[in-house]
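Throughout, numbering of the chain's residues begins at 1 and tracks the sequence.
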Amino acid sequence: MAELSPGGVEQVSQARAAGGAGAVGGADRPGDGLHHSCEAFRVVEKNDIAHGDCVREGKYARIERERRFLLAGPPSASSVIAVRVLTDRYLEGTRLRLRRSERPDIGTCEFKLTQKVPADRRGPVQGLITNTYLSSDEYRLLASLPAAVLVKKRLSVPPFGVDVFEPPLHGLVLAEAEFTSDEEATAFAPSPECLAEVTDDARFTGGKLVRASRSEVLAWLAEYGIRPGSS
């Protein structure tokens with residue numbers, strides 16, 4: 001989720017700056033005007049956040065703080081304020097994710113290129129994230145590159161963005177909440193629908209799930225006592 005736009009992705013657009021906790025709309029991570037989170041980290045390389053180092057924001061990259069939880073199933077329709085269909089292309093050999101975000105209800109589509117540099121630490125600070133918003137032509141060009149693809153619906157249920165995964169990972173439902181400070185993340189009390197927290201389980205990150213088989217994901221869920229239907 002250093003300071004010099006890790007990996008060389010320089011951006012001219014960090015749209016939608018908005019404060020507050022949660023992934024309301026969950027669609028495309030709003031900026032949060034953070035400064036740093038330095039309990040145990042500092043950035044020493046453009047491409048790595050070493051263990052014991054401080055995660056600091058740069059000119060373009062921001063700190064990503066989130067907590068993730070497993071749900072038994074999707075939330076009730078009455079609690080959902082927006083639905084987005086996300087098609088994520090994880091470009092081979094990079095830390096880049098190309099996202100197509102559709103709002104079928106209002107007929108809009110947004111394109112975004114994201115770089116995430118993970119932090120080697122436990123807890124809600126995931127690392128550094130840098131976003132660039134794209135035109136449709138730019139998206140089509142980048143979409144021609146080799147990539148692993150992950151498709152999911154993101155349901156906005158404040159304070160969560162709830163991801164309901166499409167086949168072959170159907171049955172997996174993840175709720176994510178984002179925060180503007182470490183204190184806010186620590187104080188957050190999840191709702192009873194959150195069956196297990198997987199913030200520190202890297203298997204439930206997009207970069208891992210995109211390469212996981214259905215049988216692997218079902219086995220991981222079973223470790224938390226969750227056994228989706230086989231349909």
Visitor: What pair of heavy atoms forms the shortest contact from Glu138 to Tyr133, and how long is it?
Guide: OE1-O, 4.4 Å

Visitor: As an exercise, state the distance from CD of Glu176 to CZ of Phe204, rounded to the nearest 0.5 Å.
Guide: 12.5 Å

Visitor: Yes or no on side chain to side chain contact (heavy atoms under 4.5 Å, CB included) for Arg103 and Glu110, after CA distance, side-chain angles and deciding distance?
Guide: CA-CA 9 Å; Arg103 280 285 303 271; Glu110 187 174 68; over 6 Å; no

Visitor: Just verifying a value: how many Å separate Arg68 CZ and Thr199 OG1, rounded to the nearest 0.5 Å?
Guide: 5.5 Å

Visitor: Looking only at heavy atoms, which two atoms of Gly206 and Tyr90 are closest? And how far apart?
Guide: CA-OH, 3.2 Å

Visitor: Does any part of the side chain of Leu145, heavy atoms only, come nearer than 4.5 Å to the side chain of Glu92, both counted from C-beta?
Guide: no

Visitor: Within this structure, what is the CD1-CG distance for the pair Ile226 and Leu218, rounded to the nearest 0.5 Å?
Guide: 11.0 Å

Visitor: Heavy atoms, side chains only, cut-off 4.5 Å: are Leu209 and Leu174 in contact?
Guide: yes

Visitor: Is there a path from Leu71 to Val217 through hydrophobic residues (I, L, V, M, F, W, Y) whose side chains come within less than 4.5 Å of each other?
Guide: no

Visitor: Can you name the nearest heavy-atom pair linking Ala202 to Lys208, along with the distance?
Guide: O-CG, 3.0 Å

Visitor: How far apart are the C-alpha atoms of Asp88 and Lys152, what are their side-chain angles, what is the distance that settles it, and do they pass the side chain to side chain contact (heavy atoms under 4.5 Å, CB included) test?
Guide: CA-CA 8 Å; Asp88 289 335; Lys152 58 192 179 183; 3.8 Å; yes

Visitor: Do Phe160 and Leu195 belong to the same hydrophobic cluster, where Ile, Leu, Val, Met, Phe, Trp and Tyr are linked whenever their side-chain heavy atoms lie under 4.5 Å apart, directly or via other members?
Guide: no

Visitor: Side chains of Ser156 and Arg84, heavy atoms from C-beta outward: is any pair under 4.5 Å?
Guide: yes

Visitor: Classify the ring geometry between Phe69 and Phe188 as parallel (under 30°), tilted (30 to 60°) or perpendicular (over 60°).
Guide: tilted

Visitor: Between Ala143 and Leu98, what is the shortest heavy-atom contact and its length?
Guide: N-CD2, 3.5 Å

Visitor: Do Val80 and Pro75 make a side-chain contact, defined as non-hydrogen atoms from C-beta onward lying under 4.5 Å apart?
Guide: yes

Visitor: Are Gln115 and Tyr60 side-chain neighbours, meaning at least one heavy-atom pair lies under 4.5 Å?
Guide: no

Visitor: Ser144 side chain to Leu141 main-chain N or O, any donor-acceptor pair under 3.5 Å?
Guide: yes

Visitor: Between atom CD of Glu66 and atom CZ of Phe179, what is the distance when rounded to the nearest 0.5 Å?
Guide: 9.0 Å

Visitor: Using the rule that Ile, Leu, Val, Met, Phe, Trp and Tyr join whenever any side-chain heavy atoms are under 4.5 Å apart, tell me whether Val151 and Leu172 fall into a single cluster.
Guide: no

Visitor: With no hydrogens and no angle check, is any side-chain donor or acceptor of Glu216 less than 3.5 Å from a backbone partner on Ala212?
Guide: no

Visitor: May I ask whether Leu221 and Leu150 are part of the same hydrophobic cluster, defined by side-chain heavy atoms of I, L, V, M, F, W, Y residues being less than 4.5 angstrom apart, directly or through others?
Guide: yes

Visitor: What distance do Cys194 atom SG and Leu70 atom CG have between them, rounded to the nearest 0.5 Å?
Guide: 9.0 Å

Visitor: Using every non-hydrogen atom in the two residues, find where Pro158 and Ile81 come nearest and quote the distance to one decimal.
Guide: CG-CD1, 3.7 Å

Visitor: Once you round to the nearest 0.5 Å, how far does NZ of Lys112 lie from CG of Leu142?
Guide: 14.5 Å

Visitor: Considering all heavy atoms of both residues, which atom of Trp220 and which atom of Tyr224 are nearest to each other, and what is their separation?
Guide: O-CD1, 3.4 Å

Visitor: Evaluate the side-chain proximity of Val164 to Leu155: yes if any heavy-atom separation is below 4.5 Å, no if none is.
Guide: yes

Visitor: Without swapping roles, check the side chain of Asp163 against the backbone of Arg154 for a donor-acceptor pair under 3.5 Å.
Guide: no

Visitor: Is a donor on one side and an acceptor on the other found under 3.5 Å between the side chain of Arg99 and the backbone of Leu86?
Guide: no

Visitor: So, the side chain of Arg67 versus the backbone of Ala177: is there a donor-acceptor pair under 3.5 Å, distance only?
Guide: no

Visitor: Does Val85 belong to the same Ile/Leu/Val/Met/Phe/Trp/Tyr cluster as Tyr139, with side-chain heavy atoms less than 4.5 Å apart forming each link?
Guide: no

